[in-house]
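Side-chain atoms are counted along with the backbone in the values below, which use heavy atoms only and exclude waters and symmetry mates. Residues take their numbers from the sequence shown, with the count starting at 1.
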Amino acid sequence: MKMLKNRIHNIYLIDALLFLTYAVFGASWAAGGSLMSTIQKELSLSMSEGSFLTTSITIAKIIGALGAGVLVSKFGFKRAFGIGTFLISLSVLSGLTNSYLSLLSLRFVMGLGSAICLVCLVPIVQQLFELRLHSTMNGINAVSNIIGTIVALLISPLLLEIFHGWRAVLTFYGAISLIIAILWVFTEQSIFSQQAAISQHATVAYDKKAEFKKALTSSVTWGMFCFYFFPICFLNISFTFYPLYFKQVLHLPASSLASYSATLINCGILLGGITGNSLRKVIIHPKKILISAILGAVACGIVNLIATNANIVALCALISGVFIGTIIPIFFTIPSYAPDANPIKTSYIMSIFWSCTFICVTFNIWFIGYLGDITGNLISGFIYMFCLSIVSLLGIVIIPTKKPEKLNA
């Protein structure tokens with residue numbers, strides 16, 4: 001209690017709250033998916049209504065990501081992130097929901113909050129930490145959602161048995177988010193501006209409107225968007241359609257290791273995050289890592305489309321996750337090396353980047369489902385997905401680079 005009375009000054013404790021906020025959100029989001037059959041049965045929902053509970057979060061993320069830059073501009077990083085954590089914590093009211101509309105509204109608001117927090121992650125790290133730590137801290141924060149998802153997939157069925165209902169499970173995750181939101185209130189406001197001096201950004205007065213225009217026309221913004229086109233679509237599309245593809249096209253049994261592909265991809269991402277942070281310290285040019293990781297993920301994905309052995313499918317799922325994870329520490333540090341980098345500009349870059357990315361993901365999930373409907377299988381949809389890797393390679397060309405010695409600072 002003494003620490004709370006005196007405020008939280010330690011930047012690593014502050015980053016731990018960043019991490020936990022998005023990890024618990026990830027757990028709550030994944031829990032909603034894993035409990036979907038129970039929710040559908042109790043509320044008498046159709047398949048489309050049930051799936052829209054998940055889709056609504058993605059739609060909310062598009063809106064929230066756009067608004068995050070405005071919130072940061074008006075209220076600063078601490079208050080903007082605090083608003084995000086509060087919106088996420090409103091899922092604590094899930095126990096009071098008695099209709100589809102009330103549950104849908106809470107999930108939508110939770111999505112808004114998560115987008116605000118997500119946009120703030122990279123610029124807060126940029127503001128609090130020295131440049132040499134950006135890759136490590138961004139890499140850790142970027143996998144928070146993955147860890148939350150894995151935890152939820154493992155414990156949500158157990159929590160359902162303990163609490164005897166999906167409402168209590170979602171309330172449980174909301175209660176943890178509420179505790180984190182309260183702790184965030186006790187972070188020291190001045191620590192952000194004080195630490196900005198260490199991050200070399202405190203002495204400059206920024207024209208926020210000018211910074212937004214720079215972010216909107218920056219090759220960093222659009223290079224990041226193009227590059228992340230394939231990885232984010234691959235992750236979301238594989239989670240959505242892999243189980244159905246393995247069952248209908250490859251005819252693999254539901255009891256095989258292939259059915260755990262989504263979990264294995266998540267585990268691979270965690271391993272890849274460690275790999276990427278290590279490789280960045282020994283390979284002169286990070287673009288080599290990014291290109292290799294994209295090509296490796298594509299190769300593993302293609303093997304998964306044609307393999308008939310469940311063990312090979314599972315192994316390739318794990319390895320593809322490693323390749324995607326390798327990208328993360330390097331990719332989310334790119335704004336730190338942008339020309340005239342500063343936290344305000346980075347918040348605008350991430351706001352535009354994430355909003356466009358979520359629009360892209362939403363469209364491509366729908367489009368692949370549409371291709372599946374008109375062709376009768378998912379083969380054409382997956383071929384289309386792997387063609388998206390060309391856009392990612394274009395993004396590598398667009399993203400500006402500094403001299404290798406500075407990239408390894």
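Note that CG of L121 is 13.0 Å distant from CD of Q126, once rounded to the nearest 0.5 Å. Atoms CG and SG, from L295 and C300 in turn, are 11.0 Å apart once rounded to the nearest 0.5 Å. Atom CG of L305 is separated from atom CZ of F382 by 6.5 Å, given to the nearest 0.5 angstrom. Once rounded to the nearest 0.5 Å, the distance linking CE of M224 with OG of S218 reads 9.5 Å. Expressed to the nearest 0.5 Å, how far CD1 of I359 lies from CH2 of W354 amounts to 13.5 Å. The CD1 atom of I265 sits 7.5 Å away from atom CG of N304, with the distance rounded to the nearest 0.5 Å.
Under the 6.0 Å cut-off for aromatic ring centres, F230 and F234 qualify, their centroids lying closer than that. The aromatic ring centroids of F358 and F363 lie 6.0 Å or more from each other.
In plain terms, the two heavy atoms of N309 and N311 that are nearest each other are OD1-N, 2.8 Å. Across all non-hydrogen atoms, the minimal contact from L18 to N141 is CD1-ND2, 4.3 Å. Of all heavy-atom pairs spanning F25 and N145, the tightest one is CD2-OD1, 4.4 Å. The heavy-atom pair separating A142 from I328 by the smallest distance is CB-CG2, 3.0 Å. The two residues T85 and C117 come nearest to each other via the heavy atoms N-SG, 3.6 Å. Taking all atoms of both residues into account, the shortest heavy-atom contact from A115 to A65 is CB-N, 3.4 Å.
When side chains are defined from C-beta on, Y370 counts as touching I374, because their heavy atoms get closer than 4.5 Å. In this structure, L13 and L17 have side chains that are not in contact, with every pair of non-hydrogen atoms separated by 4.5 Å or more. Looking at L20 and S144, their side chains never come closer than 4.5 Å, going by heavy atoms from C-beta outward. Residues S177 and V92 form no side-chain contact, since every pair of their non-hydrogen atoms from C-beta on lies 4.5 Å or further apart. Residues T21 and F81 form a side-chain contact, since some pair of their non-hydrogen atoms from C-beta on lies under 4.5 Å apart. Inter-residue side-chain proximity for M110 and L90 is flagged as unmet; no heavy-atom pair is nearer than 4.5 Å. Put simply, the side chain of I294 reaches to within 4.5 Å of the side chain of S389, judged on heavy atoms. Under the 4.5 Å side-chain criterion, counting only non-hydrogen atoms from C-beta, I150 is in contact with L270.
In Y384, the OH atom is crowded: over 12 heavy atoms of neighbouring residues, nucleotides or ligands sit closer than 6.0 Å.
The backbone N or O of P123 lies less than 3.5 Å from no partner atom in the side chain of S347, so there is not a single donor-acceptor pair. The backbone N or O of S355 sits nowhere less than 3.5 Å from a side-chain atom of K61 that would complete a donor-acceptor pair. Listed for the S114 side chain is a donor-acceptor partner under 3.5 Å among the backbone atoms of G111. In terms of modelled atom types and a separation under 3.5 Å, the side chain of K78 and the main chain of V185 share a donor-acceptor contact. For the pair T221 (side chain) and A215 (backbone), a donor-acceptor distance under 3.5 Å is present. Between the side chain of S320 and the backbone N or O of A317 there is at least one donor-acceptor pair closer than 3.5 Å. Looking at S28, its side chain never comes within 3.5 Å of a backbone N or O of V24 through a donor-acceptor pair.
For the 3.5 Å distance criterion, the side chains of H134 and S336 qualify, holding a donor opposite an acceptor. Checked by atom type, the side-chain pair S94/T97 shows no donor-acceptor distance below 3.5 Å. In this structure, a donor-acceptor pair under 3.5 Å is present between the side chains of S73 and Y348.
Partner of L290 under the side-chain contact (heavy atoms from CB on, under 4.5 Å) criterion, out of I330, L393, T326: I330 alone. The residue from F227, F331, F229 that alone fulfils the ring-ring contact (aromatic ring centres under 6.0 Å, His included) condition with F353 is F331. With N266 as reference, T149 is the one residue of V143, T149, L318 to meet the side-chain contact (heavy atoms from CB on, under 4.5 Å) rule.
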Query raised in the report: Going through the distances and angles, do I14 and W184 end up as a side-chain contact (heavy atoms from CB on, under 4.5 Å)?
Result: CA-CA 8 Å; I14 292 174; W184 184 259; 3.7 Å; yes
Report task. Please report the C-alpha distance between L128 and D15 in whole Å, then the side-chain angles of each, then the deciding distance to 0.1 Å, and finally whether the side-chain contact (heavy atoms from CB on, under 4.5 Å) criterion is met. Result -> CA-CA 9 Å; L128 295 185; D15 189 76; 5.8 Å; no
Query raised in the report: Between W366 and L371, is a side-chain contact (heavy atoms from CB on, under 4.5 Å) present by the stated rule, with each step listed?
Result: CA-CA 9 Å; W366 168 82; L371 288 176; over 6 Å; no
**Report entry** Worked check of side-chain contact (heavy atoms from CB on, under 4.5 Å) between F225 and T357
**Finding:** CA-CA 6 Å; F225 168 68; T357 296; 3.8 Å; yes
Requested in this report: Just do the side chain to side chain donor-acceptor pair (under 3.5 Å) check on S99 and S102 with the steps written out, would you?
Outcome: CA-CA 5 Å; S99 68; S102 58; 3.1 Å; yes
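Remark: I63 engages F108, L112 in a side-chain contact (heavy atoms from CB on, under 4.5 Å) (not counting sequence neighbours).
In this structure, Y228 and F332 have perpendicular ring planes: the angle between them is above 60°, well past the 30° mark.
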